[in-house]
Amino acid sequence: MLEHKAELVFWPHRLTPDNIQEAAAANIIVSFIYSDLSQKVLDLIPNLKGIATMSVGYDHIAIDETAKRGIIVSNVPAYGPNTVAEHTIALLLSLSRNIVPSVERTREGIYEYAGLTGWDVMGKTIGIIGTGKIGAHVIRIAWGLGMKIIAYDPKPNQTLVDHFGVEYAPFESVLQNSDVISLHCPGSKENAHILGKEQFATMKKGVVILNTARGCLIDPQALIEALNQGIVSQAGIDVLEDEGMLKEEKQFFSEYFALKDYQTGMADHELMRDPRVLITPHNAFNSREALKNILQTTVMNVEGMLNGDPINVVVK
Ligand code: NAI
């Protein structure tokens with residue numbers, strides 16, 4: 001329980017440049033990833049001392065700016081990395097066994113399997129990009145499914161080699177040799193569009209792409225092209241570039257959106273309609289167990305800021 005005389009104000013919507021006046025007097029902001037905490041928003045909250053994001057990722061916050069202004073940023077570093085990993089594998093198995101069209105068919109009262117042939121994951125090679133907390137759990141489950149595991153991470157984890165036979169290889173080699181590629185690295189500026197036209201061109205024909213990390217990791221227009229060329233056969237996606245716009249499409253008309261944002265929004269819509277692609281609405285974190293952990297850690301993060309002893313501080 002907070003024992004401070006802090007006034008708590010709740011808003012049911014995300015923070016954007018258009019509604020910033022609501023938070024202009026705030027000392028601490030608690031947000032999720034859809035709130036815009038870019039430099040232009042920070043400029044309008046002069047008394048801001050802390051941001052507690054209820055997420056692992058903090059790419060929605062201008063970290064360079066917060067550091068310069070002495071604003072503390074705390075995140076929820078791990079609320080259940082197995083949660084996102086389980087969702088990733090749920091997407092994989094839903095794709096491999098045509099679960100969504102199978103259920104849609106029986107819901108229509110048609111009890112017939114013709115045309116629903118799937119494929120086995122056992123014996124296939126999965127390439128993991130990013131073997132941190134979530135990637136490691138995906139590896140654990142993929143190993144249990146009998147998949148061969150190759151991986152790229154600038155900081156390899158020897159335990160994963162010893163326990164699950166993971167073979168680390170350069171990024172390009174993982175792309176070339178995987179039947180399934182699963183992304184688990186942060187959505188940093190450096191990682192923007194790590195899968196683009198050039199990378200798709202090097203992949204095995206028929207590769208399956210999984211992305212439960214961040215939308216900005218994949219160029220959506222290049223993915224559409226790779227699907228149409230038959231390079232990518234299926235994709236399971238929980239995160240889309242500029243997905244905040246899909247939640248509130250009136251944002252399309254905001255003066256802050258550029259042509260590139262509209263193009264990305266159109267590409268996202270095309271992917272959502274494609275039957276080869278399964279898209280969930282950034283739902284991978286959303287288990288009962290994880291939500292409880294997120295709330296508990298966020299209360300502790302805010303208490304730490306109020307007590308002058310911040311925890312889970314994000315450092316660039
Ligand atoms: P982590 O920090 O434990 O692991 C990230 C790993 O990626 C690190 O080992 C790092 O060395 C590696 N990495 C960085 N750049 C790389 C690159 N270019 N190629 C390969 N590896 C690279 O993070 P964690 O907890 O495993 O989370 C991973 C990402 O998952 C988060 O950054 C977040 O964006 C996303 N996420 C998505 C959620 C969802 O609901 N869909 C929920 C939670 C996290």
Side-chain angles (χ1 to χ4, degrees), residues 31-34 53-61 63 73 75-92 126-142 149-161 166-175 178 181-196 198-199 209-219 235-244 246-247 278-295 297-298 312-316:
S31 78
F32 192 50
I33 52 165
Y34 297 112
T53 183
M54 294 190 286
S55 55
V56 175
Y58 44 86
D59 40 292
H60 55 299
I61 304 170
I63 291 294
V73 179
N75 73 340
V76 184
Y79 47 77
N82 62 293
T83 305
V84 178
E86 287 174 22
H87 192 92
T88 308
I89 299 295
L91 285 171
L92 172 63
I126 186 166
I128 307 287
I129 307 298
T131 60
K133 292 180 283 297
I134 294 171
H137 276 279
V138 173
I139 288 170
R140 171 181 60 78
I141 306 172
I149 304 158
I150 56 178
Y152 169 70
D153 192 307
K155 296 179 192 154
N157 177 347
Q158 186 59 37
T159 312
L160 299 173
V161 176
V166 172
E167 284 174 28
Y168 279 99
F171 179 61
E172 295 73 20
S173 163
V174 173
L175 298 191
S178 300
I181 295 171
S182 195
L183 302 180
H184 301 288
C185 54
S188 56
K189 270 190 213 136
E190 303 75 47
N191 286 343
H193 290 187
I194 54 167
L195 296 190
E198 202 184 306
Q199 289 72 31
I209 302 291
L210 301 173
N211 185 11
T212 57
R214 279 294 179 266
C216 68
L217 298 175
I218 299 184
D219 175 349
I237 290 179
D238 186 52
V239 283
L240 286 166
E241 187 165 41
D242 288 343
E243 64 192 30
L246 301 170
K247 283 190 162 268
L278 278 190
I279 299 191
T280 49
H282 203 136
N283 192 35
F285 73 98
N286 194 7
S287 74
R288 284 194 295 269
E289 293 80 358
L291 289 179
K292 194 171 160 205
N293 288 338
I294 290 171
L295 290 179
T297 308
T298 302
N312 298 318
V313 177
V314 168
V315 198
K316 193 174 182 255

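Note that ligands are numbered from 1 as they come in the structure, with each ligand's atoms numbered from 1 the same way. Note that the numbering runs from 1 along the sequence shown for the chain.
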Could you verify whether a donor N or O on one side chain and an acceptor N or O on the other, from Asn75 and Thr53, lie under 3.5 Å apart? no

Strictly by modelled atom types, are Tyr152 and Glu172 linked by a side-chain donor-acceptor pair under 3.5 Å?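 Their side chains do not contain a donor-acceptor pair, so the 3.5 Å distance test is not met.
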
Please check if the side chain of Asn293 supplies one atom and the backbone of Tyr79 the other of a donor-acceptor pair under 3.5 Å. yes

Donor-acceptor check, side chain of Asn211 to backbone of Arg214, threshold 3.5 angstrom: yes or no? yes

Given Phe171, Tyr152, Tyr79, which has its nearest heavy atom closest to atom 20 (C) of ligand 1?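 Nearest heavy atom to atom 20 (C) of ligand 1 lies in Tyr152.
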
Going by the angle between their ring planes, with limits at 30° and 60°, are Phe285 and Phe32 parallel, tilted or perpendicular? tilted

Report yes if [X] has an N/O atom closer than 3.5 Å to an N/O atom of ligand 1; otherwise report no.
{"X": "Asp153", "value": "yes"}
{"X": "Lys133", "value": "yes"}
{"X": "Thr212", "value": "yes"}
{"X": "Cys185", "value": "no"}
{"X": "Ile134", "value": "yes"}
{"X": "Asn283", "value": "no"}

Could you tell me which atoms of ligand 1, counted from 1 in the order shown, lie closer than 4.0 angstrom to a heavy atom of [X]?
{"X": "Val84", "value": "38 (C), 42 (C), 43 (C)"}
{"X": "Phe285", "value": "40 (O)"}
{"X": "Asp238", "value": "39 (C), 40 (O), 41 (N)"}
{"X": "Ile129", "value": "19 (N), 20 (C)"}

Measure the distance from [atom] to every protein heavy atom, then report the residue, atom name and distance (to 0.1 Å) of the closest one.
{"atom": "atom 35 (C) of ligand 1", "answer": "Ala213 O, 3.5 Å"}
{"atom": "atom 14 (C) of ligand 1", "answer": "Pro186 CD, 3.4 Å"}
{"atom": "atom 5 (C) of ligand 1", "answer": "His184 O, 3.7 Å"}
{"atom": "atom 4 (O) of ligand 1", "answer": "Gly132 CA, 3.2 Å"}
{"atom": "atom 33 (C) of ligand 1", "answer": "Arg214 NH1, 3.8 Å"}
{"atom": "atom 39 (C) of ligand 1", "answer": "His282 NE2, 3.3 Å"}
{"atom": "atom 17 (C) of ligand 1", "answer": "Asn191 OD1, 3.9 Å"}
{"atom": "atom 31 (C) of ligand 1", "answer": "Val56 CG1, 4.2 Å"}

Drop me the distance from [X]'s [atom1] to [Y]'s [atom2], to the nearest 0.5 angstrom.
{"X": "Ser287", "Y": "Lys292", "atom1": "OG", "atom2": "NZ", "value": "11.5 Å"}
{"X": "Ile150", "Y": "Ile139", "atom1": "CD1", "atom2": "CD1", "value": "11.0 Å"}
{"X": "Ile209", "Y": "Leu92", "atom1": "CD1", "atom2": "CG", "value": "12.0 Å"}

Within less than 4.0 angstrom of ligand 1, does Pro81 place any heavy atom? no

Which pair of heavy atoms, one from Lys133 and one from Pro77, lies closest together, and at what distance? CE-O, 3.3 Å

Note: Asp59 and Gly187 closest approach over all heavy atoms is CB-O, 3.3 Å

Applying the side chain to side chain contact (heavy atoms under 4.5 Å, CB included) criterion to Val84, which one of Asp238, Ile134, Asn283 satisfies it? Ile134

Going by the side chain to side chain donor-acceptor pair (under 3.5 Å) test, name the single residue among Thr280, Asn82, Thr212 that passes it with His87.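 Only one option passes, and that is Thr280.
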
